[in-house]
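All heavy atoms count here, side chains included; hydrogens, waters and symmetry mates do not. Since the structure is predicted, the reported quantities are computational estimates derived from the model, not experimental observations.
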Amino acid sequence: MIRVLVCDDQMLIRTGLVTIIGAQPDFEVVGECGDGRAAVDLAARLRPDVVVMDVRMPVLDGIEATRLLAGAGVPHPVKVLVLTTFNLDEYVYEALRAGASGFLLKDAPPDRLLHGIRTVATGAALLDPEVTRQLVGRHAARIRPAPGGAPELPLTPRELEVLRLIADGLSNSEIAARLVISQETVKTFVSRILTKLQLRDRVQAVVYAYRHGLVT
């Protein structure tokens with residue numbers, strides 16, 4: 001069973017999420033709340049596998065709550081799946097930096113939400129391509145470093161190509177199709193990239209690419 005905590009300050013949305021998630025045989029909704037502080041407190045007590053987190057909430061917003069649950073230095077981090085809308089892409093970037101394992105649009109269909117929770121629960125990262133592209137398009141100037149040339153990276157040209165495609169929001173299957181290679185080969189490249197750059201997961205790889213000006 002995947003234990004899930006749902007946090008959203010809009011009761012109608014929260015109720016819908018709880019209903020959808022709770023109807024699955026492999027999920028258990030262990031709690032729900034309407035602000036980030038309550039999410040942090042409940043997560044400490046209930047130890048869910050995944051926290052489904054809204055971004056903008058009262059008392060403590062989703063970004064700060066994510067930092068307290070999954071940020072650097074947290075002794076027992078919890079996986080956080082952030083829900084967002086198109087006009088909140090700047091918050092998505094901050095949430096990823098805070099330690100979120102992934103993000104989805106709030107209008108994503110139920111099957112994508114459920115797949116997202118399962119993906120994050122396994123330790124993988126989940127990046128919604130549409131939000132990723134919004135993030136690049138609207139905030140690239142702020143995210144990227146000042147002009148001065150790209151840094152020297154310990155990556156082969158092929159690994160650098162895969163990293164850029166990850167940052168563009170492509171899945172492993174999409175990268176495989178683009179480069180005409182197998183998905184297993186893509187997984188190998190992703191693993192090498194994470195190891196060489198000392199990154200935790202795909203989410204950190206995306207943030208790394210943005211911050212180092214690798215996305216065009």
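In terms of heavy-atom proximity, L69 sits nearest to A43 at CD2-CB, 3.4 Å. In terms of heavy-atom proximity, T185 sits nearest to S182 at OG1-OG, 2.8 Å. Residues P154 and L197 approach most closely at CD-CD2, 3.8 Å, considering heavy atoms. Across all their heavy atoms, P48 and V4 have their closest contact at CB-C, 4.3 Å. Heavy-atom minimum distance, A121 versus K79: O-CE, 3.7 Å. Shortest non-hydrogen contact noted between A209 and A167 is CB-CB, 3.6 Å.
At least one side-chain heavy atom of I166 sits less than 4.5 Å from a side-chain heavy atom of V162. Proximity of M53 to L83: side-chain heavy atoms (C-beta onward) are nowhere separated by under 4.5 Å. Taking the side chain as every heavy atom from C-beta outward, V55 and T66 never approach each other to under 4.5 Å.
The existence of a salt bridge linking K106 and D8 is confirmed by a sub-4.0 Å separation between a basic side-chain nitrogen and an acidic carboxylate oxygen. One finds no salt bridge joining E161 and R164 here, because no Lys/Arg side-chain nitrogen approaches an Asp/Glu carboxylate oxygen to under 4.0 Å.
Taking CG of L68 as the reference point, atom CZ of R37 lies at 6.0 Å (rounded to 0.5 Å). Atoms CD1 and CZ, from I117 and R3 in turn, are 14.0 Å apart once rounded to the nearest 0.5 Å. E174 CD to L179 CG: the interatomic distance, rounded to the nearest 0.5 Å, is 11.5 Å. To the nearest 0.5 Å, the span separating SG on C7 from CG on L81 amounts to 12.5 Å. Of the inter-residue distances, the one linking Y208 atom OH with L194 atom CG reads 12.0 Å to the nearest 0.5 angstrom. Here the CD atom belonging to Q10 is positioned 11.0 Å from the CE atom belonging to M57, to the nearest 0.5 angstrom.
Cluster membership for L60 and L46, using ILVMFWY side-chain heavy atoms within less than 4.5 angstrom, is shared. If you chain together hydrophobic residues whose side chains sit under 4.5 Å apart, L104 and I13 fall into the same group. Placement of V59 and V40 in two distinct hydrophobic clusters is found when ILVMFWY residues are connected by side-chain heavy-atom separations under 4.5 Å, directly or transitively.
No more than 12 heavy atoms of other residues, nucleotides or ligands lie within 6.0 Å of CZ in R178, so this atom counts as exposed by the packing criterion. Around atom CE of M1, more than 12 heavy atoms belonging to other residues, nucleotides or ligands sit under 6.0 Å away.
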Practice prompt. In sequence, state the C-alpha distance, the side-chain angles, and the governing distance for R56 and D61, and then conclude on side chain to side chain contact (heavy atoms under 4.5 Å, CB included).
Written response: CA-CA 5 Å; R56 292 202 295 192; D61 66 34; 5.9 Å; no
Discussion item. Is there a side chain to side chain contact (heavy atoms under 4.5 Å, CB included) between K196 and L155? Walk through the geometry before answering.
Written reply: CA-CA 7 Å; K196 287 184 177 182; L155 302 179; 3.9 Å; yes
Discussion item. Run the side chain to side chain contact (heavy atoms under 4.5 Å, CB included) test on S101 and V80 for me, step by step, so that the C-alpha distance in whole Å, both residues' side-chain angles and the decisive distance to 0.1 Å come before the verdict.
Written reply: CA-CA 5 Å; S101 294; V80 178; 5.7 Å; no
Discussion item. Before you tell me yes or no, could you show the steps for I181 and V186 under side chain to side chain contact (heavy atoms under 4.5 Å, CB included), namely the whole-Å CA-CA distance, both residues' side-chain angles and the distance that decides it to 0.1 Å?
Written reply: CA-CA 7 Å; I181 56 179; V186 174; 3.7 Å; yes
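Residues T188 and S191 have side chains that never bring a donor and an acceptor to within less than 3.5 angstrom of each other.
The salt bridge (charged side-chain N to carboxylate O under 4.0 Å, His left out) search around D111 returns none, not counting sequence neighbours.
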Only distances under 3.5 Å count here; give the side-chain donor-acceptor pairs of residues 18-27 to other protein atoms, sequence neighbours excluded, each with its distance to 0.1 Å.
from, atom 1, to, atom 2, distance (Å)
T19, OG1, T15, O, 2.8
D26, OD1, R118, NH2, 3.1
D26, OD2, R118, NE, 2.7
D26, OD2, R118, NH2, 3.4

